[in-house]
Amino acid sequence: MKPIAILGGTFDPVHNGHLRVALEASDALSVPVRLLPAHVPPHRPPPVASPAQRVAMLRAALAGQDRVQLDTRELDRAEPSFTFDTLHQMRAEFGAQLPLILLLGADAFAGLPSWHRWRELFDLTHIAVLTRPGHSGSLPAELAAVVAVRRTESAGALHASAAGKVLDLPVTPLEISASVIRAMLARGRDPRWLVPDALLADPGLLDVYSHTR
Ligand code: ATP
């Protein structure tokens with residue numbers, strides 16, 4: 001079995017920023033990428049769309065290819081979807097040897113020390129940090145100290161062990177965000193070309209956002 005990369009988020013709704021970044025990570029790391037929609041994100045307000053609605057949008061967006069896949073395991077659980085718990089569950093399923101690669105935006109990575117059992121995440125997964133030109137990449141001291149001994153420059157190193165490395169992964173900067181798309185839809189604006197065409201082809205999929213702000 002191939003190593004697996006995962007990109008977690010609310011996907012409320014999924015948009016072309018998520019999809020393009022996932023595809024570029026899949027190419028750069030030579031792995032399939034799984035999108036993991038979160039049930040109850042620990043640090044955020046609840047999503048506007050229900051789990052079933054977000055899954056329907058993800059399925060529509062991902063149809064016809066298999067390099068970026070959907071993994072609904074967090075939605076299948078009742079408790080908050082701490083990344084630590086999800087990775088533990090994946091380890092139990094895939095075994096100790098399979099490389100797992102958590103994809104994190106540079107901003108999210110800098111905030112890692114606020115995550116549940118963050119130091120133990122490195123025992124469970126590699127981390128690929130999605131960087132953008134112009135972003136400083138500066139890290140809090142406690143994280144910088146942990147990362148200093150874990151950095152690698154090569155994607156191949158993420159295939160050679162199961163967990164523990166940190167790789168910077170440059171991706172095309174696309175300033176698309178789900179919150180801006182929700183605001184557009186609430187004002188009756190057309191989000192075409194910011195979201196995959198499949199979301200527009202099915203008139204029901206984005207309806208949930210037309211009365212929200
Ligand atoms: P919101 O605007 O509601 O905060 P979002 O667009 O950031 O939502 P999420 O579902 O929270 O979407 O994002 C899931 C993951 O995808 C996060 O790691 C986030 O950093 C990343 N991501 C989202 N949009 C982009 C983008 N345009 N480019 C790169 N990464 C992105």
Side-chain angles (χ1 to χ4, degrees), residues 4-29 33-51 53-62 67-75 80-84 86-87 100-112 114-116 118 121 125-137 139 143 166-187 189 191-196 199 205-206 208-209 212-213:
I4 296 172
I6 61 178
L7 177 65
T10 43
F11 304 104
D12 186 30
V14 62
H15 57 66
N16 289 346
H18 299 127
L19 297 169
R20 183 65 211 170
V21 163
L23 188 64
E24 291 187 12
S26 172
D27 275 347
L29 302 174
V33 171
R34 294 186 181 202
L35 304 185
L36 266 79
H39 190 37
V40 184
H43 308 299
R44 298 182 55 162
V48 171
S50 69
Q53 288 168 325
R54 289 182 289 132
V55 164
M57 290 186 280
L58 281 159
R59 284 200 203 291
L62 298 176
R67 292 153 76 195
V68 182
Q69 302 163 359
L70 175 62
D71 186 326
T72 60
R73 70 184 59 234
E74 291 195 350
L75 296 179
S81 32
F82 289 119
T83 300
F84 177 83
T86 301
L87 289 169
L100 295 177
I101 306 169
L102 179 65
L103 305 175
L104 284 181
D107 299 11
F109 183 60
L112 200 71
S114 69
W115 289 29
H116 180 59
W118 71 274
L121 295 178
T125 186
H126 300 301
I127 296 182
V129 183
L130 308 172
T131 62
R132 299 165 176 205
H135 185 272
S136 75
L139 299 176
L143 179 58
V166 175
L167 173 76
D168 281 342
L169 198 61
V171 292
T172 304
L174 292 166
E175 288 305 321
I176 304 172
S177 79
S179 44
V180 168
I181 291 165
R182 289 195 302 273
M184 290 176 72
L185 288 162
R187 294 199 314 271
R189 297 279 184 82
R192 185 174 306 273
W193 302 317
L194 296 176
V195 298
L199 299 198
L205 283 175
L206 291 170
V208 64
Y209 302 109
T212 59
R213 214 160 271 277

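Count residues from 1 along the sequence. When a ligand or atom number is given, it counts from 1 through the structure's own listing order.
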*If you count the atoms of ligand 1 from 1 in the order shown, which ones are under 4.0 Å from a heavy atom of Val21?*
28 (N), 29 (C), 30 (N)
*asked:* Using a 4.0 Å cut-off to any heavy atom of Ser179, which atoms of ligand 1 qualify?
replied: 1 (P), 2 (O), 3 (O)
*At under 4.0 Å between heavy atoms, which part of Arg20 makes contact with ligand 1: side chain, backbone, both or neither?*
neither
*Would you name the heavy atoms of Leu205 and Ala56 that are closest together and state the gap between them?*
CD2-CB, 3.8 Å
*Ignoring hydrogens and geometry, is there a side-chain-to-backbone donor-acceptor pair from Glu24 to Thr172 under 3.5 Å?*
yes
_Ile176 to ligand 1, any heavy atom closer than 4.0 Å_ = yes
_Is the contact between Thr10 and ligand 1 made by the side chain, the backbone, both, or neither, using heavy atoms and a 4.0 Å cut-off?_
both
_Shortest heavy-atom approach to atom 5 (P) of ligand 1 - which of Ala178, Gly105, Gly9, Ala183_ = Ala178
_With a 4.0 Å cut-off on heavy atoms, is Gly8 in contact with ligand 1?_
yes
*Take Asp12 and Arg182 through the test salt bridge (Lys or Arg N to Asp or Glu O under 4.0 Å) and record every step on the way to the result.*
CA-CA 8 Å; Asp12 186 30; Arg182 289 195 302 273; 3.7 Å; yes
*Counting N and O atoms only, with roles assigned by atom type, does the side chain of Thr72 sit under 3.5 Å from a partner on the main chain of Leu75, one being a donor and the other an acceptor?*
no
*Taking only heavy atoms of Phe11, which atoms of ligand 1 are found under 4.0 Å from at least one of them?*
10 (O)
*Are Pro47 and Arg54 side-chain neighbours, meaning at least one heavy-atom pair lies under 4.5 Å?*
yes
_If the test is side-chain contact (heavy atoms from CB on, under 4.5 Å), which one of Val129, Leu29, Thr131 qualifies with Leu167?_
Leu29
_Non-hydrogen side-chain atoms of Met57 and Phe11 separated by less than 4.5 Å_ = no
*Less than 4.5 Å apart, any side-chain heavy atom of Leu199 and any of Val14?*
yes
_Please state which option from His18, Arg182, His15, Arg54 has its nearest heavy atom closest to atom 13 (O) of ligand 1._
His18
*Contact between Leu174 and ligand 1, counting heavy atoms under 4.0 Å?*
yes
*Can you tell me if Leu130 has a non-hydrogen atom under 4.0 Å from ligand 1?*
no
*Please identify which atoms of ligand 1 are closer than 4.0 Å to at least one heavy atom of Ser177.*
2 (O), 6 (O)
